[in-house]
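First comes the structure, then the notes that go with it.
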Amino acid sequence: MNYNFNEIEAKWQKYWAKNQTFRAENNSEKPKYYVLDMFPYPSGAGLHVGHPLGYIASDIYARYKRHQGFNVLHPQGYDSFGLPAEQYAIQTGQHPALTTEENIKTYRRQLDQIGFSFDWSREVRTSDPSYYKWTQWIFIQLFNSWYNKDSDKAEDISELIKRFASEGNSKINAVCDDTIQTFSAEEWKAFDTIKQQQILLQYRLTYLAETEVNWCPALGTVLANDEIVNGVSERGGHPVIRKKMTQWSMRISAYAERLLQGLETIDWTESLKETQRNWIGKSVGAHVEFRIQNSEFRITVFTTRPDTIFGVSFMTLAPEHELVSQITTPAQKAEVENYIEATAKRSERDRMADVKTISGAFTGAYVEHPFTKEPIPVWIGDYVLAGYGTGAVMSVPCGDQRDYDFAKHFNIPIPNIFQGADISKEAFADKDKTIIANSDFLNGLNYKEATKKVIAELEKLGQGQGKTNYRLRDAVFSRQRYWGEPFPVYYVDGMPQMIDAKHLPIKLPEVEKYLPTETGEPPLGNATVWAWDTTKNEVVSNDLIDNKTIHPLELNTMPGWAGSSWYFNRYMDAHNENEFASKEALNYWKDVDLYIGGSEHATGHLLYSRFWQKFLFDKGLVPVDEYAKKLINQGMILGTSALAYNLRFDFKFRDSTGEIIEISGFENILVSKSYIENFDFDFWHPNYPDNYRNWHVEEIMSYEQIRKPIVSFHPIHIDVSLVNASDELDIQGLKNWRSEYKDFKFKLEEDGTFKVKREVEKMSKSKYNVVNPDQICEQYGADSLRLYEMFLGPLEQYKPWNTAGITGVHGFLKKLWRLYVDENGLLVNDAEPTKDNLKTLHKTIKKAQEDIENFSFNTSVSTFMIAVNELTAQKCTSKDILEPLLILLSPYAPHIAEELWEKLGHTESISTAPFPKFDASHLVESSKNYPISFNGKMKFTMELPMDFNAQQIEEAVMAHEKTQEQLQGRTPKKVIIVPGKIVNIVG
RNA sequence: GCUCAAGUGGCGGAAUUGGUAGACGCGCUGGAUUCAAAAUCCAGUUCCUCGGAGUGUGGGUUCGAUUCCCACCUUGAGUACCA
């Protein structure tokens, strides 16, 4: 019987589906374990070999946990709203729902064929109204909440309204807009409804406000900070500009500190936590108030170094700072205005790219130092950002390099307030070594003591207090797109109103065009049935809008991260129509025990979802405030591109008038790889230039040649399927693939082959290095694919794919098969296992278990290979050995394991068979092959009984002839003996 | 610039508390089988001058360092004037 993997795999995939083998129960005697993969977006291109890496790892772990007796939740679904489907719709007119549906079908087929143990009964799709109903519902909860800093959690907005009515807002310690004005209870009651609603928006956790947003004209939408990479859009690489727009925002800044602290409680990779810490960007310091001389105005600055206050020699405001126009003296007016204008002209990218140029202008105004009362000049400079802190800094040139550079550039004095610091060349910014000098009451103190003292003094003066700042900005939540969740919002007198939760979902309307309207409104502006009837509580035709009972609906949709910010909770109770998940389900599953996905979501999905979870926790809607205990980032599988080289010439001639002419062009020649590095011109052109008559040569030959032509090689990506494991190119295949190479000449290696150069790059269609799992499954089987993906290297690492290597793991599976069956049938019998058999098995159990718990899947594959090699050599046929071996292997290669398990006579799936118990007694050795080292270098080994003590070992080793040979008569200075480990002779 | 990873044969990688560097697999070489090929099996495969050298480089700690410490180099990722 041969190992017919295609047949076996189809058989068991069908069996698992039919028997719902991997269905998780919401109540069980067993302990729970929740294994989750990051939500995939079903793209049109389908899966390539890199995508399933994380899924295979999580699947192995999920299957392992089932063997360990856990009730495992291992769901899968689709983050099915998103830009690509919409871009496709714009181009083709196809409804995104249709293309999404098709893409999901492809994904599902591909996932099924790899043999994942997903519980598909819990599948969710973010674009499904029964799902986004609850995304809308959570949005409403956010709208109806504010953040109370006193209780340090989100609370219901009705509480806030009550307090406004009883005491005004002056005593309320809330996270809210900076521009909030104080009012009394009486004033509140006197405000009209619109005014009241405007004020409440400044407190709500999701709010509508005019904000400066990242507008991407090419995509016709705003983007969040994390959707912009190097100043251009993450998707498509389009330019992004700043623009003021009225948008929904999420007050994630309220959770900055808790998001930061929460990182300490979860087992996520250190680099990912570090990325989130940087993104949150906490800095501890103080607010200091400076009075402007001869004026009522005050400038508040934020500084992390209040201890350096006696080193201030100027102030710098952002050019956009609101006080600039008011404090500038008439004499400086022209200069300041010029400077502001010049800064405004510079694009965001310019300012980002150009860090070196120092620029600024003096306002003519002076502030008064809070302690010395000395005058300090006020400058403006574009190195100060309007959006961070207060948009103003107290400049301490001796302690901050940017201030230092600015001072040098404008000849501003640089007082030194650090004991023993040399500031002749650069600022002294090392706060750990700081001892303050020339600073009145701070003299002799270190950074910590001085900071504490100065804040206390400032508070006495009423000119400052300790303050913590965060870089984390509120997240823009509106997108001017069609294919996203509609907001459950309509507008009355321009103020947003929530639709009552019982009328959800508000379904996405049909539109004729997916582009913005002619008046520049988002695509939903094209919908003709998109108004809210407050009496019938349904979506009605726009014609009926009367702004009395029928109102216009919100035209924006939610961003991609809305649906993915809470989906892990939905899997716990995926079909609940009354709640986003029942209390019972939430309390049973609680959180994700293992979350696997890419690190590219570090500041997007993984931060927003933590924020939503904390909010839901505050509202008592979920039982834990961090939803994923452990998170692993799988590395990316890179493609191994194949490159052939096209010959290119650059000629330089002088014509009859003495003018230099340069001519260059490609030859119809592809060059095999070994010629690229050692290129011998004469070898190529023995008769140059006679054999280059095919282009320009007649005309050129009459000219004076200045130098030999420069030959270069232009790399061409070749489809990797045209190249074999030895990098040999199928030339005929290439000619069939691309007709332009039909008449090319090929410069071959001496052995007559054409070899391509290999380069490791990201897998992408345009590089023709994409390997499709479908082909691999067909040719080698899913079990081989699964094993090979794991065998490639550590899960977290980036590593190149090379299809050639798969024959190794495939050969292993065949060898495994032959251990159980041959052409006559089953080989396994009831033979008593030998000592060696048991040793191999238990060694394998131990290592396999350790590896799987350390997520070291690559080494466990090696372990299985060693076990099968050993058992084959031992001619093992014992069921007592071969049966447990199948269980060890089944998480990795489930199909072959099920098939052999069945052949051994089992009628139930192997998937819940108990994991074999490790018995250390089988590994006890009676002797040890000691490595004998001289000065730390191993020279030979020696077999000695395990129970020898150090002295016996030393005697035996010293008596050995090779020892004497090594020592050549010298007496060893020292002999190090670690019984059971090593012997090292020094001398 | 700052932060975080990572540098080991021709290639992917292993060495879990400092103790035989290169497990396992690919590739390559030779052999068996075959009319031949595929498949399969067996043997070898870090490097060189066969005595050594050797885990990015240079130091250090140690009887002993891929592993610990210091400095540096390279590559990748994140971040970008954050006061």
Side-chain angles (χ1 to χ4, degrees), chain A residues 229-231 269-279 281-283 285 301-305 308 316 351-358 381-385 387-396 399-403 405 429 469-471 599-600 602-603 633 635-636 640 725-727 758 760 787-788 791-794 796-812 814-815 818 847 850-851 854 856 858-866 869 929-941 972-978 980-987:
Chain A
V229 177
N230 297 326
T269 57
E270 200 43 50
S271 66
L272 199 144
K273 289 196 205 178
E274 197 59 32
T275 305
Q276 291 211 347
R277 282 186 201 113
N278 290 340
W279 193 260
K282 180 179 183 176
S283 43
V301 302
F302 174 71
T303 174
T304 56
R305 295 292 304 273
T308 63
T316 318
R351 275 173 77 168
M352 257 168 60
D354 181 14
V355 186
K356 289 276 171 308
T357 316
I358 295 159
D382 70 359
Y383 79 96
V384 178
L385 304 177
Y388 185 77
T390 59
V393 300
M394 58 175 224
S395 300
V396 183
D400 181 283
Q401 195 56 43
R402 286 156 314 176
D403 295 344
D405 295 339
N469 241 322
Y470 299 90
R471 195 179 76 105
S599 56
E600 66 272 21
T603 53
N633 290 129
M636 198 185 289
T640 313
S726 316
D727 296 347
R758 293 293 198 166
V760 173
L787 279 174
Y788 189 51
F791 188 63
L792 277 176
E796 296 93 331
Q797 231 164 71
Y798 279 55
K799 56 220 164 222
W801 176 268
N802 178 7
T803 305
I806 201 171
T807 55
V809 291
H810 187 65
F812 157 73
K814 285 201 254 185
K815 201 167 174 182
R818 281 198 307 276
K847 181 91 169 99
E850 280 169 7
D851 284 347
N854 291 322
S856 175
N858 54 326
T859 50
S860 43
V861 178
S862 308
T863 303
F864 297 138
M865 288 176 170
I866 294 166
N869 288 346
N929 193 23
Y930 278 95
I932 314 299
S933 301
F934 291 81
N935 299 317
K937 288 273 172 204
M938 204 278 287
K939 294 294 173 186
F940 61 94
T941 60
K973 285 196 196 110
K974 205 174 182 185
V975 179
I976 310 282
I977 291 168
V978 184
K981 290 242 160 147
I982 53 108
V983 176
N984 188 18
I985 298 165
V986 188

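Residue numbering restarts at 1 for every chain, and letters A, B, ... go by the order of the sequence lines.
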When you compare [N] with [M], how far apart are their [atom1] atoms, in angstrom units rounded to a whole number?
{"N": "B:C42", "M": "B:U33", "atom1": "C1'", "result": "11 Å"}
{"N": "B:C68", "M": "B:U55", "atom1": "P", "result": "15 Å"}
{"N": "B:A15", "M": "B:U8", "atom1": "C1'", "result": "10 Å"}
{"N": "B:U67", "M": "B:A21", "atom1": "C1'", "result": "11 Å"}
{"N": "B:U46", "M": "B:G25", "atom1": "P", "result": "15 Å"}
{"N": "B:U66", "M": "B:G18", "atom1": "C1'", "result": "11 Å"}
{"N": "B:A14", "M": "B:A6", "atom1": "P", "result": "12 Å"}

Under-4.0 Å side-chain N/O to phosphate OP1/OP2 contact, [X] with [N]:
{"X": "A:Gln797", "N": "B:G13", "result": "yes"}
{"X": "A:Arg277", "N": "B:C82", "result": "no"}
{"X": "A:Arg471", "N": "B:A80", "result": "yes"}

Distance in angstrom units between [X] [atom1] and [N] [atom2], rounded:
{"X": "A:Met636", "N": "B:A6", "atom1": "CE", "atom2": "P", "answer": "18 Å"}
{"X": "A:Gln401", "N": "B:C2", "atom1": "CD", "atom2": "P", "answer": "12 Å"}
{"X": "A:Asp382", "N": "B:A80", "atom1": "CG", "atom2": "C1'", "answer": "15 Å"}
{"X": "A:Phe940", "N": "B:G52", "atom1": "CZ", "atom2": "P", "answer": "14 Å"}

Whichever of A:Tyr388 and A:Thr863 has its nearest RNA chain B nucleotide further upstream toward 5' = A:Thr863
query = Starting at the 5' end of RNA chain B, which residue's closest nucleotide do you reach first, A:Lys939 or A:Met865?
reply = A:Met865
Test your reading of the model: is there a side-chain donor-acceptor pair from [X] to the backbone of [Y], 3.5 Å cut-off?
{"X": "A:Lys799", "Y": "A:Pro794", "value": "yes"}
{"X": "A:Asn469", "Y": "A:Ser283", "value": "no"}
{"X": "A:Asn854", "Y": "A:Glu850", "value": "yes"}
{"X": "A:Asn802", "Y": "A:Gly805", "value": "no"}
{"X": "A:Thr304", "Y": "A:Gly285", "value": "no"}

When we call it a touch if two heavy atoms are under 4.0 Å apart, what does [X] touch: a base, just sugar-phosphate, or nothing?
{"X": "A:Asn869", "result": "sugar-phosphate"}
{"X": "A:Asn929", "result": "base"}
{"X": "A:Thr303", "result": "sugar-phosphate"}
{"X": "A:Lys973", "result": "nothing"}
{"X": "A:Ser862", "result": "base"}
{"X": "A:Ser599", "result": "nothing"}

ask   = Taking atom types as they are modelled, is there a donor-acceptor pair under 3.5 Å from the base of B:U16 to the side chain of A:Lys847?
value = yes
Can you identify which nucleotide, out of [options], has its nearest atom closest to the [X] side chain?
{"X": "A:Met938", "options": "B:C26, B:A83, B:U20", "result": "B:U20"}
{"X": "A:Leu385", "options": "B:U79, B:G13, B:C82", "result": "B:C82"}
{"X": "A:Leu792", "options": "B:A83, B:G78, B:G12", "result": "B:G12"}
{"X": "A:Asn854", "options": "B:C26, B:A83, B:U16", "result": "B:U16"}
{"X": "A:Lys814", "options": "B:A39, B:U16, B:G19", "result": "B:A39"}
{"X": "A:Phe302", "options": "B:A83, B:C24, B:A14", "result": "B:A83"}

task = Under the side-chain contact (heavy atoms from CB on, under 4.5 Å) rule, what do A:Tyr788 and A:Phe812 come out as? Steps first, then yes or no, please.
result = CA-CA 11 Å; A:Tyr788 189 51; A:Phe812 157 73; over 6 Å; no
query = Less than 4.0 Å between a side-chain N and a carboxylate O, is that true for A:Arg277 and A:Glu274?
reply = yes
key: Where A:Ile358 and A:Asp405 come nearest, the two heavy atoms and their spacing   = CD1-CB, 3.5 Å
ask   = Is the glycosidic angle of B:G54 within 90° of 0, making it syn, or outside that range, making it anti?
value = anti
request  = Go through the steps to decide whether A:Asn869 and A:Lys815 satisfy the test side-chain contact (heavy atoms from CB on, under 4.5 Å), and finish with yes or no.
outcome  = CA-CA 8 Å; A:Asn869 288 346; A:Lys815 201 167 174 182; 2.8 Å; yes
message = With side-chain contact (heavy atoms from CB on, under 4.5 Å) as the criterion, how do A:Asp403 and A:Met394 come out once you've worked through the C-alpha distance, each side chain's angles and the decisive distance to 0.1 Å?
response = CA-CA 9 Å; A:Asp403 295 344; A:Met394 58 175 224; over 6 Å; no
request  = Quick one: sort the A:Phe940 and A:Phe934 rings into parallel, tilted or perpendicular, breaks at 30° and 60°.
outcome  = tilted
Under-3.5 Å N/O pairs linking protein and nucleotides 58-68 of chain B:
from, atom 1, to, atom 2, distance (Å)
B:C63, O2', A:Asn984, ND2, 3.1
B:C63, O2, A:Asn984, ND2, 2.7

query = Which value, rounded to the nearest 0.5 Å, describes the distance between A:Asn278 atom CG and A:Arg471 atom CZ?
reply = 7.5 Å
ask   = So what stems show up for RNA chain B if we need 3 or more Watson-Crick or G-U pairs in a row, all under 3.5 Å?
value = B:1-7 with B:73-79, B:10-12 with B:24-26, B:27-32 with B:40-45, B:46-48 with B:51-53, B:56-60 with B:68-72
